[in-house]
Amino acid sequence: MKIKPMLFLCCFATLSVCAQQPTVSIEVDAGRQKGALKPIWAWFGYDEPNYTYMKDGRKLLSELAALSPVPVYVRAHNLMNTGDGTAALKWGSTNMYTEDKDGNPIYSWNIVDSIFDTYINRKMKPLAQIGFMPEALSTNPTPYRHYWKPGVNYKEICTGWAYPPKDYDKWEELIFQWVTHCIQRYGKKEVESWYWELWNEADGYYLMVEDKVKVYCKMYDYASAAVKRALPTAKMGGPHATGGAGEFMRKFIVHCLTEKNEATGKIGAPIDFLAFHAKGYPKFIDNRVRMGMSNQLKDVNRHLKIISSFPELKNIPVIIGESDPEGCAACGMKTDPQNAYRNGTMYSSYTAASIPRILDLDEQYGTNIIGAVNWSFEFENQPWFYGFRELATNGVDKPVLNVFRMLGMMTGNRVEVSGNMAYNAKTIIDSGVRGAATDVNALASRDKKSMGVMLWNYHDEDVAGNTAEVELLLKNIPARKATLHHYRIDQEHSNSYEVWKKMGSPQSPTEQQYAELEKAGQLQLLSAPEKISIQNGALKMNIQLPRQGVSFIRLTY
């Protein structure tokens with residue numbers, strides 16, 4: 001089929017049930033480049049480190065490694081906990097530190113090596129978390145392990161692992177020995193490419209002390225001293241504060257720049273990157289989910305404003321250590337109905353719409369976000385589509401994972417996008433995506449041999465709604481001929497959840513059903529690839545994009 005200047009691409013499966021909203025005109029100018037498009041999406045994390053080397057964990061990590069042209073960073077909690085390595089919700093252990101009857105340290109690296117080996121074998125890299133407290137070092141070790149489950153008060157996770165060390169010297173030596181062991185096992189050059197961090201959300205439940213800032217800063221002094229003693233060129237940072245903890249971030253920065261170091265006695269502590277969390281706030285209202293992207297972007301805005309106020313930190317790497325629509329990955333939709341968005345296209349369209357706005361805020365403040373950790377992985381041996389915040393269920397990919405596959409095809413420089421779009425980062429911070437119009441917008445990139453445009457149609461209200469008529473104009477394409485691929489995530493494409501429901505929602509799929517689900521979980525083309533001619537560097541396309549749909553247009557030349 002010969003392509004004419006105006007290309008019509010429609011999702012006919014949705015047209016019969018979706019009315020039209022006003023046409024959205026989007027212009028992508030490949031000649032107006034905005035600097036390198038930083039792959040901040042190539043970062044993932046989860047609470048349960050022992051899932052890493054289990055069957056579905058290994059499978060998913062292989063898929064995550066394959067979708068990105070750059071190394072994927074992985075952050076996991078509970079890497080230092082005492083225990084036998086049994087996996088459980090919001091729990092994990094490696095037993096790296098115990099003591100003999102005389103109080104002498106016993107180091108064991110077998111389990112943590114199994115975790116890091118799984119990453120390194122896939123050319124992934126740890127965002128290595130120094131946490132949490134081994135039982136023998138905890139100031140309040142009993143009870144040590146929690147047995148939390150969905151529906152139970154979240155505070156019940158706060159047991160002996162969440163306390164500071166009773167002996168800072170032993171704790172520092174443990175960290176030194178761990179980093180030294182990693183250098184011996186993986187090599188100095190490899191470990192230099194990792195990021196080492198202390199703890200998680202010390203301003204919240206994860207550090208059980210009264211003066212959280214003072215204790216965390218003391219812990220940071222000793223932890224950073226240990227890491228730098230083992231490897232002076234290692235990258236060390238923190239504090240992984242919650243989204244609302246702006247003052248915690250500010251006080252941590254002031255400590256690292258100007259205050260006495262409790263471990264060295266000198267002024268200041270090494271800080272190679274800063275980290276905070278940003279979460280949305282969905283609610284279940286009138287028997288449906290209403291998302292809260294505004295909350296997540298407010299968290300980003302709050303912390304970037306603080307970080308950018310310190311001229312000494314110009315260009316310091318910033319990592320959003322957890323960047324998600326809400327806070328508890330292991331809280332399913334049966335106990336937390338507001339989390340019903342997670343299985344289908346609400347999660348994928350939210351993710352597509354939020355990541356570019358984070359990039360916009362980064363550009364606005366002149367900061368240097370290098371990673372936004374999507375805190376979702378998988379949960380082994382759990383019910384199908386239970387409503388966990390996860391990328392795959394029982395080895396089958398959910399729609400949200402396909403957004404990351406789209407992003408993984410975006411390389412080179414970000415290019416300018418303009419048009420009559422209804423929302424930007426500021427309007428979403430101010431009032432969310434709650435207006436009559438849906439959020440229809442794009443993120444675009446180009447390199448020497450390709451262009452990529454990701455389009456989304458998002459709204460905070462999880463209801464059926466309008467199909468958007470998108471008039472897309474690509475300008476200054478540096479080629480006369482190209483191959484066009486159009487990928488889609490919607491109710492009919494790249495959506496294992498809808499296929500599973502049509503099967504009757506089986507909890508024990510047959511081998512044939514599993515194969516069908518596995519295929520449905522992959523990123524799918526809306527139409528066959530086509531060879532096209534480009535006239536005067538321009539290509540016009542008319543795209544009908546259903547609500548909660550995400551399209552990815554890729555030109556290769």
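What you see is a predicted model; the values in this text were computed from it and never measured.
- Residue Tyr281 qualifies as open at atom OH: its count of foreign heavy atoms under 6.0 Å is 12 or below.
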Verdict with supporting geometry, Met421 and Val24, side-chain contact (heavy atoms from CB on, under 4.5 Å): CA-CA 6 Å; Met421 292 82 77; Val24 179; 4.1 Å; yes
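- In this structure, Glu192 does not pair ionically with Lys189, as no charged nitrogen and carboxylate oxygen lie closer than 4.0 Å.
- Between Phe284 and Gln338 the shortest heavy-atom distance is N-CB, 3.8 Å.
- Other residues, nucleotides and ligands place more than 12 heavy atoms under 6.0 Å from the NZ atom of Lys34.
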Side chain to side chain donor-acceptor pair (under 3.5 Å) between Tyr46 and Thr52, intermediate numbers included: CA-CA 9 Å; Tyr46 46 101; Thr52 301; 2.6 Å; yes
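- The side-chain contact (heavy atoms from CB on, under 4.5 Å) with Tyr365 is formed by just one residue from the set Val300, Ile307, Ile306, Leu304; it is Leu304.
- For the side-chain contact (heavy atoms from CB on, under 4.5 Å) with Met541, the qualifying choice from Val453, Leu484, Leu473, Ile26 is Leu484, the only one to do so.
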Verdict with reasoning, Arg75 to Glu197, per side-chain contact (heavy atoms from CB on, under 4.5 Å): CA-CA 10 Å; Arg75 178 175 187 247; Glu197 61 180 29; 2.5 Å; yes
Verdict with reasoning, Glu378 to Lys59, per salt bridge (Lys or Arg N to Asp or Glu O under 4.0 Å): CA-CA 10 Å; Glu378 64 91 22; Lys59 179 182 180 182; over 6 Å; no
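- A salt bridge does not link Lys55 to Glu380: none of the charged side-chain nitrogens sits closer than 4.0 Å to a carboxylate oxygen.
- Rounding to the nearest 0.5 Å gives a distance of 3.5 Å between OH of Tyr53 and CG of Asn50.
- Residue pairs meeting the salt bridge (charged side-chain N to carboxylate O under 4.0 Å, His left out) criterion with at least one member in residues 327-338: none, sequence neighbours excluded.
- When all heavy atoms of Gln544 and Pro546 are compared, the pair lying nearest together is O-CD, 3.6 Å.
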Stepwise side-chain contact (heavy atoms from CB on, under 4.5 Å) check, Leu545 with Leu455: CA-CA 8 Å; Leu545 187 59; Leu455 299 145; 4.1 Å; yes
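- For the residue pair Arg414 / Ser445, no side-chain donor-acceptor distance below 3.5 Å is found, with atom types taken as modelled.
- Residues Tyr458 and Tyr350 place their aromatic rings such that the two centres sit under 6.0 Å apart.
- The closest side-chain donor-acceptor pair between Asn476 and Asp29 falls under 3.5 angstrom.
- Classification of Arg405 and Asp397 as a salt-bridged pair holds, one side-chain N sitting under 4.0 Å from a carboxylate O.
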side-chain contact (heavy atoms from CB on, under 4.5 Å) between Ile489 and Phe552, worked out: CA-CA 9 Å; Ile489 306 167; Phe552 183 69; over 6 Å; no
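- Among the candidates Thr438, Asp462, Asn457, the single residue satisfying the side-chain hydrogen bond (donor to acceptor under 3.5 Å, both in side chains) test with Gln548 is Asp462.
- Classification of Arg547 and Glu461 as a salt-bridged pair fails, no side-chain N sitting under 4.0 Å from a carboxylate O.
- Using a cutoff of 4.0 Å between basic side-chain nitrogens and carboxylate oxygens, Arg290 and Asp460 are not scored as salt-bridged.
- Sparse packing is recorded around CD of Glu511, with 12 or fewer heavy atoms of other residues, nucleotides or ligands lying under 6.0 Å away.
- Using a cut-off of 4.0 Å between Lys/Arg side-chain N and Asp/Glu carboxylate O, Glu390 and Lys398 are scored as salt-bridged.
- Using a 4.0 Å cut-off between charged side-chain N and carboxylate O, Asp360 and Lys426 make no salt bridge.
- Looking at heavy atoms from C-beta onward, Trp384 lies in side-chain contact with Leu517 at the 4.5 angstrom threshold.
- Note: Tyr186 and Trp194 have tilted aromatic rings, judged against thresholds of 30 and 60 degrees for the angle between ring planes.
- Salt bridge present: Glu326 and Arg342 bring a charged side-chain N and a carboxylate O closer than 4.0 Å.
- Aromatic ring centres of Tyr73 and Tyr195 lie closer together than 6.0 Å.
- Using the six-membered ring where Trp is involved, His240 and Phe273 have ring planes that are perpendicular, over 60° apart on the 30 and 60° scheme.
- Under the 3.5 Å distance criterion, with hydrogens and angles disregarded, a donor-acceptor pair is assigned to the side chains of Ser323 and Gln296.
- In summary, the side chains of Asn200 and Gln129 do not present any donor paired with an acceptor at a separation below 3.5 Å, with no hydrogens or angles considered.
- Atom CE of Met406 is separated from atom CD1 of Ile553 by 9.0 Å, given to the nearest 0.5 angstrom.
- The 12-atom threshold is exceeded at NZ of Lys501, counting heavy atoms of other residues, nucleotides or ligands nearer than 6.0 Å.
- Among the candidates Val74, Leu79, Ile120, the single residue satisfying the side-chain contact (heavy atoms from CB on, under 4.5 Å) test with Ile115 is Leu79.
- In this structure, the side chains of Asn368 and Lys38 come closer than 4.5 Å at one or more pairs of heavy atoms.
- A salt bridge between Glu48 and Lys90 is absent, with no side-chain N of the basic residue lying under 4.0 Å from a carboxylate O of the acidic one.
- Of the inter-residue distances, the one linking Asn420 atom CG with Ser25 atom OG reads 4.5 Å to the nearest 0.5 angstrom.
- Residue Leu523 holds its CG atom at 9.5 Å from CG of Leu401, rounded to the nearest 0.5 Å.
- For the residue pair Ser450/Asp447, the side-chain donor-acceptor check at 3.5 Å is satisfied.
- In this model, no donor atom of one side chain and acceptor atom of the other lie less than 3.5 Å apart for Thr427 and Asp430.
- Between Tyr386 and Phe388, the ring planes are tilted. Angles from 30° to 60° get that label.
- Contact check for Ile370 versus Ile319: side-chain heavy atoms found under the 4.5 Å cut-off.
- At least one side-chain heavy atom of Asn339 sits under 4.5 Å from a side-chain heavy atom of Tyr341.
- Between Asn315 atom CG and Thr367 atom OG1 the span is 9.5 Å, to the nearest 0.5 Å.
- The structure places CG of Asn402 at 12.0 Å from OG1 of Thr345, a figure rounded to the nearest 0.5 Å.
- Trp456 and Asp439 form a side-chain donor-acceptor contact under 3.5 Å, judged by distance and modelled atom types alone.
- Taking 4.0 Å as the cut-off between side-chain N and carboxylate O, Arg554 and Glu530 do not count as a salt-bridged pair.
- A salt bridge links Arg302 with Asp299: the distance from a Lys NZ or Arg NE/NH1/NH2 to an Asp or Glu carboxylate oxygen falls below 4.0 Å.
- Phe44 pairs in a ring-ring contact (aromatic ring centres under 6.0 Å, His included) with only one of the listed residues (Phe404, Tyr119, Trp375), which is Phe404.
- Shown here is Arg288, whose CZ atom has more than 12 heavy atoms of other residues, nucleotides or ligands within 6.0 Å.
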Stepwise side chain to side chain donor-acceptor pair (under 3.5 Å) test for Arg122 and Ser62: CA-CA 6 Å; Arg122 289 160 176 77; Ser62 295; 2.8 Å; yes
